[in-house]
Amino acid sequence: MTDKPKTRILIVEDHPIFRMGMEELINQEEDLVICGQAEDVAGARAALKKLQPDMVILDLFLKDRNGLELLREINSNYKKLPVLVLSMHDESLHAQRCLKAGARGYIMKQEASVSVVKAIRHILSGNIHVSERVSSQILEVFGGSPPAQHKSPLDHLTDRELEIFELIGRGLYPGEIAERLNLSTKTVGTYRERIKSKLGFSRGGDLMRAAVLWVEKDSLDRSPKP
């Protein structure tokens, strides 16, 4: 048994029960320890500066901001700090976006209890950790394979457009979206028009209905199964 320091991990997650569960699970490992927790971007920034963790576990969607923005910020300011993204959202839409933004891994929350420690160790060994499905998608891209026939229209949206599409589906008005994302209402309107064009909608009502349905389906898909 060596006196090697434990790997210190910061959890950024806005659900306290999930944070507690992750802390209990990870702290059982003799070489890993949760050194701190944060529930929003401001708390994460303060914790990163104060605690200087060896790794971050980051929820993709925080209550005050999209975790993707924080991920880019971490990658810019703490270039060697590995980040594992946990999300309840469709990995086929988000995993590659997170990897491009600097994440070293992506796992679904419903799989976290059985795979988070494995993912942590895989990343700390210098590897990228994703599911077999995402790994196959990435290999297809680098191998020059033709895109899948059933590719989602949402894949054509940029990260910001997808974020605004989701917020529309959650019932936020343009002014609320603008305030949340620190944009002007006019800019949000421009994004809405781009999204409409890319998804083939001519009316705002059609866009809103599609966004609401997508959010509801996504929530249903990630709800616990009996």
Taking [X] first and then [Y], would you say they form a salt bridge - that is, a charged N and a carboxylate O separated by under 4.0 Å?
X: D14; Y: R19; value: no
X: K6; Y: E29; value: no
X: D159; Y: R72; value: yes

Approximate separation, where rounding is to 0.5 Å, of [X] [atom1] and [Y] [atom2]:
X: H122; Y: S115; atom1: NE2; atom2: OG; answer: 12.5 Å
X: R104; Y: L71; atom1: CZ; atom2: CG; answer: 12.0 Å
X: K196; Y: L207; atom1: NZ; atom2: CG; answer: 7.5 Å
X: Y191; Y: E163; atom1: OH; atom2: CD; answer: 9.5 Å
X: K198; Y: L157; atom1: NZ; atom2: CG; answer: 6.0 Å
X: C98; Y: L60; atom1: SG; atom2: CG; answer: 4.5 Å

Indicate if [X] and [Y] have the same hydrophobic cluster label, given that clusters are the connected sets of ILVMFWY residues with side-chain heavy-atom separations under 4.5 angstrom.
X: V12; Y: V117; answer: no
X: V85; Y: L32; answer: no
X: L25; Y: L84; answer: yes
X: L51; Y: Y78; answer: yes
X: F18; Y: Y106; answer: no

Taking the side chain as every heavy atom from C-beta outward, state whether [X] and [Y] have any atom pair closer than 4.5 Å.
X: M55; Y: L10; answer: no
X: I123; Y: I128; answer: no
X: E176; Y: R170; answer: no
X: I120; Y: I26; answer: yes
X: L58; Y: L86; answer: no
X: V56; Y: L48; answer: yes
X: F61; Y: H94; answer: yes
X: L181; Y: L167; answer: yes

Under the 3.5 angstrom rule, does the side chain of [X] hit a backbone N or O of [Y] as a donor-acceptor pair?
X: R209; Y: G204; answer: no
X: D206; Y: F201; answer: no
X: D54; Y: R8; answer: yes
X: E161; Y: T158; answer: yes

Indicate whether the side chain of S184 and that of T187 have a donor and an acceptor atom separated by less than 3.5 Å.
yes
Flag for Q37-E23: side-chain donor and acceptor within less than 3.5 Å
yes
Of all heavy-atom pairs between [X] and [Y], which one has the smallest distance, and what is that distance?
X: Q52; Y: K49; result: CG-O, 3.7 Å
X: L172; Y: R180; result: CD2-CD, 4.2 Å
X: A38; Y: G43; result: CB-C, 3.6 Å
X: D59; Y: H15; result: OD2-ND1, 4.4 Å

Query - Residue pair I57, E13: steps toward the side-chain contact (heavy atoms from CB on, under 4.5 Å) verdict - result: CA-CA 8 Å; I57 294 177; E13 157 68 52; over 6 Å; no
Evaluate side-chain contact (heavy atoms from CB on, under 4.5 Å) for E39 paired with L62, printing each intermediate quantity in order. CA-CA 7 Å; E39 64 177 4; L62 304 170; over 6 Å; no
CD/E24: more than 12 non-hydrogen atoms of other groups inside 6.0 Å: no
| message | Working note: R45 + I74, criterion side-chain contact (heavy atoms from CB on, under 4.5 Å); need CA distance, chi angles, decisive distance, verdict. | response | CA-CA 9 Å; R45 287 171 177 159; I74 293 172; over 6 Å; no
Test log, rule side-chain contact (heavy atoms from CB on, under 4.5 Å), inputs I9 and V33: CA-CA 6 Å; I9 302 172; V33 64; over 6 Å; no
